[in-house]
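One structure is given below, encoded as structure tokens.
Lettering of chains follows the sequences in order, A, B, ..., and the numbering in each one begins at 1.
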Protein chains: 2
Amino acid sequence: MAELLTERKTQIAEKATLLFKERGYAATSMRDLAAAIGIEAASLYSHLRSKEELLQRICFGMAEAFFTARDQVNSLQLPAPIKLRLAIEKHVEVVTNDVNASAVFLHEWRHLSEPELSIFKSMRREYEEYLTAILQEGKAAGQFNIPNEKLTVLTLLSSLNWLYDWYRPDGNLQPHEIAMQLADQVLNGLITNK
Amino acid sequence: MAELLTERKTQIAEKATLLFKERGYAATSMRDLAAAIGIEAASLYSHLRSKEELLQRICFGMAEAFFTARDQVNSLQLPAPIKLRLAIEKHVEVVTNDVNASAVFLHEWRHLSEPELSIFKSMRREYEEYLTAILQEGKAAGQFNIPNEKLTVLTLLSSLNWLYDWYRPDGNLQPHEIAMQLADQVLNGLITNK
DNA sequence: CCTACCGATCGGTAGG
DNA sequence: CCTACCGATCGGTAGG
């Protein structure tokens, strides 16, 4: 009995994530979600309190996954270029592990209400600062050529984040291979023979 | 009289672009838009036929700007690395020229209905193919090291497109300087001393 | 998990 | 550009 309830909750969460990704949060109605599952809209409310609760779970669940990745990277003492490679690999793992949730996390967070919205923004800033610190480390050690760290970190993040739109779990590239190619591109650039 | 009407239409278009960017298309009501301008919602309809018409103008206006940039780049015979630099510069110019419209173009196009939706998608594909062709050119000439062109072109585009979120017209970096730094980063990577 | 329903709000129209 | 309004749909609740 408890298991069935949990299964239903999981089903609702997954379908909501998919619909929020495909149509956007605001354009997805609870009736859409209920119909996709095969129940009435009102029945959803025995499993959740509000539509926004679904969005909150997705956004903060992803944020947690990114923080776990960060903590793993920061637990090691590594030279900046190697550390950046590892950070890229871990980030790619998080994104490819749930591309639907990643898409919602990236595009729909602005529909959060306060105080969740402010909390979310500060968490995102914290993650940017973690990557910026690696860049600064490598710059200070003369390993990185970075005129503007803010520009570089946002470029890096956007490069990593569009993966949700492109990655296919059944494609021929594994997350690890993707991460390696992305890291090579970021670290060495496109020009051959240096 | 005709001038006043045109001014009002421009004002509506600009305010709609701003609101669509900030709240998203679906979450912006015509009453929101009217209130932001200082008229009644019903009055909007003497200047436009539908809410979606506003979205269409933004999306296809930006698409046109990107195609103009592409045609300028393609009118010149240049080695791939130089051509890519120019393509980056022109792309940055288009994005920084209207950051609000760029944001809507990038995130809200999925709310277009058919047939506009399919037309939009094919235009975007066309632009990706233009950039891919430059990458292939440089790869064939042994100038670029690119294991996977699809991954590289999407990484490149995402790097360029997040500018709308970061660029400030009154900031200390001019579009040209931003483009140069981005091009350096893409072509040479972060690692120093090659 | 359902039926029945609430008040609010939506895009858009009629008629001036 | 306004008042007045349309039918449709929204998130959510009551009560079973």
All ring-ring contact (aromatic ring centres under 6.0 Å, His included) counterparts of Phe120(B), not counting sequence neighbours: Phe105(B), Trp109(B)

Between side-chain atoms of residues 83-91 of chain B and protein atoms elsewhere (two or more places apart, or another chain), which donor-acceptor pairs fall under 3.5 Å?
{"from": "Arg85(B)", "atom 1": "NH1", "to": "Asp184(B)", "atom 2": "OD1", "distance (Å)": "3.4"}
{"from": "Arg85(B)", "atom 1": "NH2", "to": "Asp184(B)", "atom 2": "OD1", "distance (Å)": "2.4"}
{"from": "Glu89(B)", "atom 1": "OE1", "to": "His176(B)", "atom 2": "ND1", "distance (Å)": "3.3"}
{"from": "Glu89(B)", "atom 1": "OE2", "to": "His176(B)", "atom 2": "ND1", "distance (Å)": "2.6"}
{"from": "Lys90(B)", "atom 1": "NZ", "to": "Gln72(B)", "atom 2": "OE1", "distance (Å)": "3.2"}
{"from": "His91(B)", "atom 1": "ND1", "to": "Tyr127(B)", "atom 2": "OH", "distance (Å)": "2.8"}
{"from": "His91(B)", "atom 1": "NE2", "to": "Asn161(B)", "atom 2": "OD1", "distance (Å)": "2.8"}

Mind calculating the distance between NZ (Lys9(A)) and P (dC1(C)) to the nearest angstrom? 11 Å

Pair Arg125(B) + Glu129(B): basic N to acidic O under 4.0 Å: no

Under 3.5 Å donor-acceptor pairs involving side-chain atoms of residues 94-104 of chain B, not counting sequence neighbours:
{"from": "Thr96(B)", "atom 1": "OG1", "to": "Val92(B)", "atom 2": "O", "distance (Å)": "2.7"}
{"from": "Thr96(B)", "atom 1": "OG1", "to": "Glu93(B)", "atom 2": "O", "distance (Å)": "3.3"}
{"from": "Asp98(B)", "atom 1": "OD1", "to": "Asn100(B)", "atom 2": "N", "distance (Å)": "3.4"}
{"from": "Asp98(B)", "atom 1": "OD1", "to": "Ala101(B)", "atom 2": "N", "distance (Å)": "3.0"}
{"from": "Asn100(B)", "atom 1": "OD1", "to": "Lys21(B)", "atom 2": "NZ", "distance (Å)": "3.2"}
{"from": "Ser102(B)", "atom 1": "OG", "to": "Val95(B)", "atom 2": "O", "distance (Å)": "3.3"}
{"from": "Ser102(B)", "atom 1": "OG", "to": "Asp98(B)", "atom 2": "O", "distance (Å)": "2.9"}

Can you tell me which residue pairs pass the salt bridge (Lys or Arg N to Asp or Glu O under 4.0 Å) test with a partner in residues 63-72 of chain A, sequence neighbours excluded? Arg70(A)-Glu126(A)

ring-ring contact (aromatic ring centres under 6.0 Å, His included) partners of Tyr25(A), counting only residues at least two apart: Phe20(A), His111(A)

How close or far is atom C1' of dC2(C) from atom CD1 of Ile37(A), stated in whole angstroms? 15 Å

The salt bridge (charged side-chain N to carboxylate O under 4.0 Å, His left out) partners of Lys150(B) (sequence neighbours excluded) come to Glu128(B)

Acceptor/donor pairs from residues 133-142 of chain A side chains to any protein atom, 3.5 angstrom cut, sequence neighbours excluded:
{"from": "Gln136(A)", "atom 1": "NE2", "to": "Glu149(A)", "atom 2": "OE1", "distance (Å)": "3.2"}
{"from": "Lys139(A)", "atom 1": "NZ", "to": "Ile146(A)", "atom 2": "O", "distance (Å)": "2.9"}
{"from": "Lys139(A)", "atom 1": "NZ", "to": "Glu149(A)", "atom 2": "OE2", "distance (Å)": "3.4"}

Considering the terminal five base pairs at each end of the helix from dC1(C)-dG16(D) to dG16(C)-dC1(D), what angle separates the two local helix axes, rounded to 10°? 0°

Once each nucleotide of nucleotides 3-15 of chain C is scored for protein heavy atoms under 4.0 Å, what B/S/- sequence comes out, 5' to 3'? BB-----BBBB--

